[in-house]
S.K.: 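Can you read through this structure? Questions will come right after.
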Protein chains: 2
Amino acid sequence: MKENMRDILIQTMFESLYHEGYNASNLIDLLKKAGTSKGGMYHYFGSKKELAIEAMRVVGENFIDRFWGGYFERYEDPLAALSELFRALPKATIIGDCPFDFKYGCPLNQMIQEMSALDEDFKTLLELLMDRWIALISKDLKSAQDSGQMGTSFDPDSVARFIVSSIEGTLTLMKVKQDIRIYEENMALLVRTLSVLSFKD
Amino acid sequence: MKENMRDILIQTMFESLYHEGYNASNLIDLLKKAGTSKGGMYHYFGSKKELAIEAMRVVGENFIDRFWGGYFERYEDPLAALSELFRALPKATIIGDCPFDFKYGCPLNQMIQEMSALDEDFKTLLELLMDRWIALISKDLKSAQDSGQMGTSFDPDSVARFIVSSIEGTLTLMKVKQDIRIYEENMALLVRTLSVLSFKD
DNA sequence: TTCTATACAGACTAAATAGTCTGTTTTGAG
DNA sequence: CTCAAAACAGACTATTTAGTCTGTATAGAA
């Protein structure tokens, strides 16, 4: 029942990274929110950066695997599965009580833009997370091809990257426009696109 | 012939924002690069933020208008125009000698992710720039519809947002993967998508 | 040439903040 | 209960950095 302070710190840091970014995140405020102190944090982590990277890794892997893993299996039609997934995404929550609020966009995109050019360790992790995400989608597309539910005229990896790019860009626009209809419209266009790419020519 | 120090400061700040982001940008380093001093900068601008916003505004408007304005008029076929545009984009340069290097992604996306949730003034500007960009594409799509070069079964604004989202997301992936082929593949898929959306059903 | 406003130069200030270090409390094994 | 190791608490340090302020050079008008 008792929550581990290490986990609380990870959770709190993730929220802070998601809402304010890395450089604008203030350790003292963060420790206050987590209900601990400098000593508490530096007991578990060697630095702010170490905690931040661990937070992105743990929460990122968890969310990607739970949300994007094997969703095609839960539906008859792959495209219906994607549609349902896109409908569910805005309502998703990440680990515990940290809401995945669309108004803050995508935490991965946030960190990629701010940190990947500044720090090699961040970049390595973020690339791994993106690859993991893309690979999960690609795997499902591939098995849909193998089972004959989708055509074979497209490369699963390429289309998986296209899907992820489209989502990321849409969330960027969402973040600055604050209008959920943009997301719904774009995802509808994306599904329409995929239906054509998958079954025709 | 003699360059204005105000313009040099704008140029230098833009480069710094693009490469390091706002919070990681250091004024003293920036002034050294620009070849001036504190007094020089605060003579023209009231604060770091004021210079940063002016830099994004000037360079952003300039690039959007010059690069994305009326490109359909320069080609017979709208889709060929888009293909050509996507081919030209990685080679584009922004004002003077600041290279629009793909490895740093898109400066608009960079600032949206880092600043739009932290500062209302940044957010307002960034939204204006995105709207300006989308409106230019939408206008060209609309006139292609009017002239009969494209079908009328799609909404120009929606598709313009979809195009911009796709580009932004692709540049995010580019930034973390550092592979130009991802861009080329995604843009090829995007053009293929648009050709279907524009002419069929 | 003189004079004044613009355009700088750079030392200094003040605040924010990551990281250190010393000490105290809690916990669980023996 | 004892005691040692883990889990904190929080004052302190050191550094970074935006912004200020005083002073100087330069350019153009009269």
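Keep in mind that the numbers below use all heavy atoms, side chains included, and drop hydrogens, waters and symmetry copies. To find a chain, count down the sequence lines: A is the first, B the second, and so on, and within it residues start at 1.
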S.K.: What is the distance from CG of A:Leu30 to P of C:dA16, rounded to the nearest Å?
M.R.: 18 Å
S.K.: Using a strict threshold of under 4.0 Å (side-chain N to carboxylate O), is an ion pair present between A:Asp119 and A:Lys123?
M.R.: no
S.K.: Rounded to the Å, how far apart are B:Tyr44 OH and C:dA5 C1'?
M.R.: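 After rounding, the gap between these two atoms is 13 Å.
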S.K.: Rounding to a whole Å, what distance do you find between A:His43:NE2 and C:dT22:P?
M.R.: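 That distance rounds to 18 Å.
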S.K.: Considering residues at least two apart in sequence or located in another chain, which fulfil the ring pair (Phe, Tyr, Trp, His ring centres under 6.0 Å) criterion with A:Phe67?
M.R.: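 A:Phe67 satisfies ring pair (Phe, Tyr, Trp, His ring centres under 6.0 Å) with A:Phe63 only.
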S.K.: Side-chain donor-acceptor contacts of residues 170-179 of chain B below 3.5 Å, not counting sequence neighbours, with atom names and distances?
M.R.:
residue  : atom : partner  : partner atom : Å
B:Thr170 : OG1  : B:Ser166 : O            : 2.7
B:Thr170 : OG1  : B:Asn186 : ND2          : 3.0
B:Thr172 : OG1  : A:Asn109 : OD1          : 3.3
B:Thr172 : OG1  : A:Gln113 : NE2          : 3.1
B:Thr172 : OG1  : B:Asn109 : ND2          : 3.0
B:Thr172 : OG1  : B:Glu168 : O            : 3.1
B:Lys175 : NZ   : A:Gln113 : O            : 3.0
B:Lys175 : NZ   : B:Tyr104 : O            : 3.4
B:Lys175 : NZ   : B:Gln110 : OE1          : 2.4
B:Lys177 : NZ   : A:Glu127 : OE2          : 3.3
B:Lys177 : NZ   : A:Asp131 : OD1          : 2.9
B:Lys177 : NZ   : A:Asp131 : OD2          : 3.1
B:Gln178 : NE2  : B:Lys175 : O            : 3.4
B:Asp179 : OD1  : B:Arg181 : N            : 3.0
B:Asp179 : OD1  : B:Arg181 : NE           : 3.2
B:Asp179 : OD2  : B:Arg181 : NH2          : 3.0

S.K.: Is any side-chain N or O of A:Thr36 closer than 4.0 Å to OP1 or OP2 of D:dA9?
M.R.: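 Indeed, a polar side-chain atom of A:Thr36 lies that close.
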S.K.: Any Lys/Arg nitrogen of B:Arg161 or B:Asp157 sitting under 4.0 Å from an Asp/Glu carboxylate oxygen of the other?
M.R.: no
S.K.: Let me have a per-nucleotide readout for nucleotides 12-26 of chain D, 5' to 3', with B, S or -, counting only protein heavy atoms under 4.0 Å.
M.R.: -----SBBB------
S.K.: Using the six-membered ring of A:Phe72, assess whether NZ or CZ of A:Lys139 lies under 6.0 Å from its centre and within 45 degrees of the ring axis.
M.R.: no
S.K.: Tell me the interatomic distance from A:Leu31, atom CG, to C:dA16, atom C1', rounded to whole angstroms.
M.R.: 15 Å
S.K.: Return the value, rounded to whole Å, for the distance between atom CG of A:Asn4 and atom C1' of D:dA6.
M.R.: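 These atoms are roughly 12 Å apart.
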S.K.: Between B:Gln145 and B:Gly151 (side chain of the first, backbone of the second, donor and acceptor by atom type, cut-off under 3.5 Å), is there such a pair?
M.R.: yes
S.K.: Please report the end-to-end axis angle for the helix from C:dT1-D:dA30 to C:dG30-D:dC1, five pairs per end, rounded to 10 degrees.
M.R.: 10°
S.K.: So, using ring pair (Phe, Tyr, Trp, His ring centres under 6.0 Å) as the criterion, who are the partners of B:Phe45 when residues are at least two apart?
M.R.: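 Partners of B:Phe45 under the ring pair (Phe, Tyr, Trp, His ring centres under 6.0 Å) test: none.
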S.K.: List the residues meeting ring pair (Phe, Tyr, Trp, His ring centres under 6.0 Å) with A:Tyr183, not counting sequence neighbours, and say none if there are none.
M.R.: A:Phe102
S.K.: Could you state the NZ-P distance from B:Lys32 to C:dG10, rounded to the nearest angstrom?
M.R.: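 Nearest whole value for this atom pair: 11 Å.
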